[in-house]
*Asks:* 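The following block contains the structure, expressed as structure tokens.
Below, chain A is the first sequence line, B the second, and so on; all start at residue 1.
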Number of protein chains: 2
Amino acid sequence: MVRPGGRSARVQASVHAAVRELASEVGRDALTVPMIAQRAGVTPSTIYRRWGDLQELMSDVAVERLRPDTAPKDIGDLASSLTAWAEQFFDEMASPAGRAYIRDALLGDPDGSNAGRCSAYAAEQIDIILTRATERGENTPDTETVIDHVVAPLMYRILFRPDGLDASYARRLVATAMTLSRTSSPPTA
Amino acid sequence: MVRPGGRSARVQASVHAAVRELASEVGRDALTVPMIAQRAGVTPSTIYRRWGDLQELMSDVAVERLRPDTAPKDIGDLASSLTAWAEQFFDEMASPAGRAYIRDALLGDPDGSNAGRCSAYAAEQIDIILTRATERGENTPDTETVIDHVVAPLMYRILFRPDGLDASYARRLVATAMTLSRTSSPPTA
DNA sequence: CAGCTTAAAGCAAATTTGTTGCGTCTGGAG
DNA sequence: CTCCAGACGCAACAAATTTGCTTTAAGCTG
């Protein structure tokens, strides 16, 4: 268990900061554990003991940066709100930086908990949008349906086929998902 | 450029074989470059120079193992064929071994070409199934539609939310995708 | 088919990274 | 206030990675 306060927390913050600084200075691929340790004012063995290796540390940092900082904007209707959110999600995730974070988050993640957290972030944002629409009396698809038919295709193509993507693709996915509002049978989870 | 035959080819084959053998003997996570080099009868520097690092080598091997070895079975109609294929795809990919291969394929892949190859394998299989159905006069969805609404959700959940998945989820995705046969607007690619 | 060219492999030294045992420090509980 | 446990620092050690140079052999070319 990581202690919540005091020195442990300071070390954690300073290591994370060192990663962010160095990543922007020398590039993500040039990072090494000893380099990060020195910048953070910490010995390498501290990092190895606490995070295991560079990948797990990067995964930890990546999840932090993928956390949404604000609730999605409330535009009028569901179709507009979801489209706007999907476009923004696409822009963030499909950028070189976003792709690197996604890869890092998936990479150093032995038990899948970091990846699960990323997915939960998206689910929360979608939930907010759908709840607002439901309160307005709109007919809405299930959160899981939006994940399956909007988020998943975006992530799949970002990860497996990064070429020829643009925001119009995100819009099309939302339009298709909207047609599934009534007929869909949501998955198990 | 990698020379197509002779010694280069022998080294490549022997290194790949060494990876497969050792992975089943000591476990994937215990592999190291020097260990693989010794088993393959090669010096470590050969592997470093040719593949860069362990991740890229593992990615290379993983793509080999993710390549389908046979054309999908031809059952009667489109719905059955696609469902059968999706179930098999799900079983292979969601297994611990399959998940490990997917991760490896994505991880050591600086330019995304290995991931693209994996995606192309699935697209080929789907194409075969859809072409057969079209020749039978059936109304079929687009290949890209099947990728977006069947393959992508499966991969997304395997990567980001591995819990609570089963084959019935794959069946449900196929059923939903079939309803998109006429109305879908396929994505750019 | 003999000679030439050059990519790729071998070898070994040097460097860098990762591991581990042990003593010290510091939150936080009692 | 005192004690305990977990986390950190330090340093020696072990392992992996990089690199300059040499050697081998694939595939042309004449």
*Asks:* Check every atom of D/dA16, D/dA26, C/dT19 against the side chain of B/Arg7 and return the nucleotide holding the closest atom.
*Replies:*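 Out of D/dA16, D/dA26, C/dT19, the nucleotide with an atom closest to B/Arg7's side chain is D/dA26.
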
*Asks:* Return the residues of residues 35-42 of chain B meeting this criterion: a heavy atom under 4.0 Å from some atom of DNA chain C. Order them by number, or give none.
*Replies:*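 Residues of residues 35-42 of chain B that come under 4.0 Å of DNA chain C are, in numerical order, B/Gly41, B/Val42.
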
*Asks:* Just to confirm, is there a sub-4.0 Å distance from OP1 or OP2 of D/dG9 to any side-chain nitrogen or oxygen of A/Thr46?
*Replies:*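 Checking D/dG9 against A/Thr46, a side-chain N or O does come within under 4.0 Å of OP1 or OP2.
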
*Asks:* Using whole Å, what does the distance between atom P of nucleotide C/dG27 and atom CD of A/Gln12 come to?
*Replies:*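 These atoms are roughly 16 Å apart.
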
*Asks:* Name the pairs: protein N/O against N/O of nucleotides 21-23 of chain C, kept only if under 3.5 Å.
*Replies:*
residue : atom : partner : partner atom : Å
C/dG21  : O6   : A/Arg49 : NH2          : 2.2

*Asks:* Does the side chain of B/Arg10 get closer than 4.0 angstrom to OP1 or OP2 of D/dA26 through an N or O atom?
*Replies:*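 The answer is yes; a side-chain N or O of B/Arg10 sits under 4.0 Å from OP1 or OP2.
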
*Asks:* Enumerate the ring-ring contact (aromatic ring centres under 6.0 Å, His included) contacts for residues 114-146 of chain B, please, sequence neighbours excluded, ordered by first and then second residue.
*Replies:*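 Applying ring-ring contact (aromatic ring centres under 6.0 Å, His included) to every pair that reaches into residues 114-146 of chain B, excluding sequence neighbours, yields nothing.
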
*Asks:* Look at the side-chain N and O atoms of A/Arg50 and state whether any lies under 4.0 Å from the OP1 or OP2 oxygen of D/dA7.
*Replies:*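 For A/Arg50, the contact criterion (side-chain N or O under 4.0 Å from OP1 or OP2 of D/dA7) is not met.
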
*Asks:* With a cutoff of under 4.5 Å between side-chain heavy atoms, which Ile, Leu, Val, Met, Phe, Trp and Tyr residues group with A/Met35?
*Replies:*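 Noted: A/Met35 shares its cluster with A/Val11, A/Val15, A/Val19, A/Leu22, A/Val26, A/Leu31, A/Val33, A/Ile36, A/Val42, A/Ile47, A/Tyr48, A/Trp51, A/Leu54, A/Leu57, A/Met58, A/Val61.
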
*Asks:* With side-chain contact (heavy atoms from CB on, under 4.5 Å) as the criterion, how do B/Glu144 and A/Arg157 come out once you've worked through the C-alpha distance, each side chain's angles and the decisive distance to 0.1 Å?
*Replies:* CA-CA 11 Å; B/Glu144 297 299 318; A/Arg157 294 183 114 93; 2.2 Å; yes

*Asks:* Output the distance between atom OG (A/Ser81) and atom CD (A/Gln125), rounded to the nearest 0.5 Å.
*Replies:*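 Interatomic distance, A/Ser81 OG to A/Gln125 CD, rounded to 0.5 Å: 12.5 Å.
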
*Asks:* What integer distance in Å separates A/Ile47:CD1 from D/dA7:C1'?
*Replies:*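 Spelled out: CD1 on A/Ile47 to C1' on D/dA7 is 14 Å.
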
*Asks:* How about B/Asp109 and B/Ser59: does a side-chain donor come under 3.5 Å of a side-chain acceptor?
*Replies:*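 The criterion, which ignores hydrogens and geometry beyond distance, is not satisfied for B/Ser59 and B/Asp109.
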
*Asks:* Atom CG of B/Leu57 and atom P of D/dA16: how far apart are they, to the nearest Å?
*Replies:*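 B/Leu57 atom CG is separated from D/dA16 atom P by 15 Å.
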
*Asks:* According to a strict under-4.0 Å criterion, is A/Thr43 in side-chain N/O contact with OP1 or OP2 of D/dC10?
*Replies:*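 No.
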
*Asks:* Which whole-number value in Å describes the distance from B/Leu54 CG to D/dT17 P?
*Replies:*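 Distance, rounded to whole Å: 7 Å.
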
*Asks:* Would B/Thr131 and B/Thr134 satisfy side-chain hydrogen bond (donor to acceptor under 3.5 Å, both in side chains), going step by step from the backbone distance to the final call?
*Replies:* CA-CA 5 Å; B/Thr131 301; B/Thr134 303; 5.9 Å; no

*Asks:* Mind checking what makes salt bridge (charged side-chain N to carboxylate O under 4.0 Å, His left out) contact with A/Arg171, not counting sequence neighbours?
*Replies:*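 Testing A/Arg171 for salt bridge (charged side-chain N to carboxylate O under 4.0 Å, His left out), a comparison that skips the adjacent residues, returns A/Glu87.
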
*Asks:* Give me the atom names and distance for the closest heavy-atom approach of A/Val174 to A/Ala79.
*Replies:*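 Closest pair (atom of A/Val174, atom of A/Ala79, distance): CG1-O, 4.4 Å.
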
*Asks:* Mind calculating the distance between OH (A/Tyr48) and P (D/dA11) to the nearest angstrom?
*Replies:*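 Going from A/Tyr48 (OH) to D/dA11 (P), I get 18 Å.
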
*Asks:* Could you note down all residue pairs passing side-chain hydrogen bond (donor to acceptor under 3.5 Å, both in side chains) where residues 27-36 of chain B supplies at least one of them, sequence neighbours left out?
*Replies:*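 Every pair satisfying side-chain hydrogen bond (donor to acceptor under 3.5 Å, both in side chains) with a residue in residues 27-36 of chain B: B/Arg28-B/Asp104.
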
*Asks:* Ignoring the backbone of A/Pro34, work out which of D/dG9, C/dT17, D/dA7 is nearest its side chain.
*Replies:*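 Within the option list, the nearest is C/dT17.
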
*Asks:* How close or far is atom P of C/dT17 from atom CG of A/Leu31, stated in whole angstroms?
*Replies:*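 Going from CG in A/Leu31 over to P in C/dT17 covers 11 Å.
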
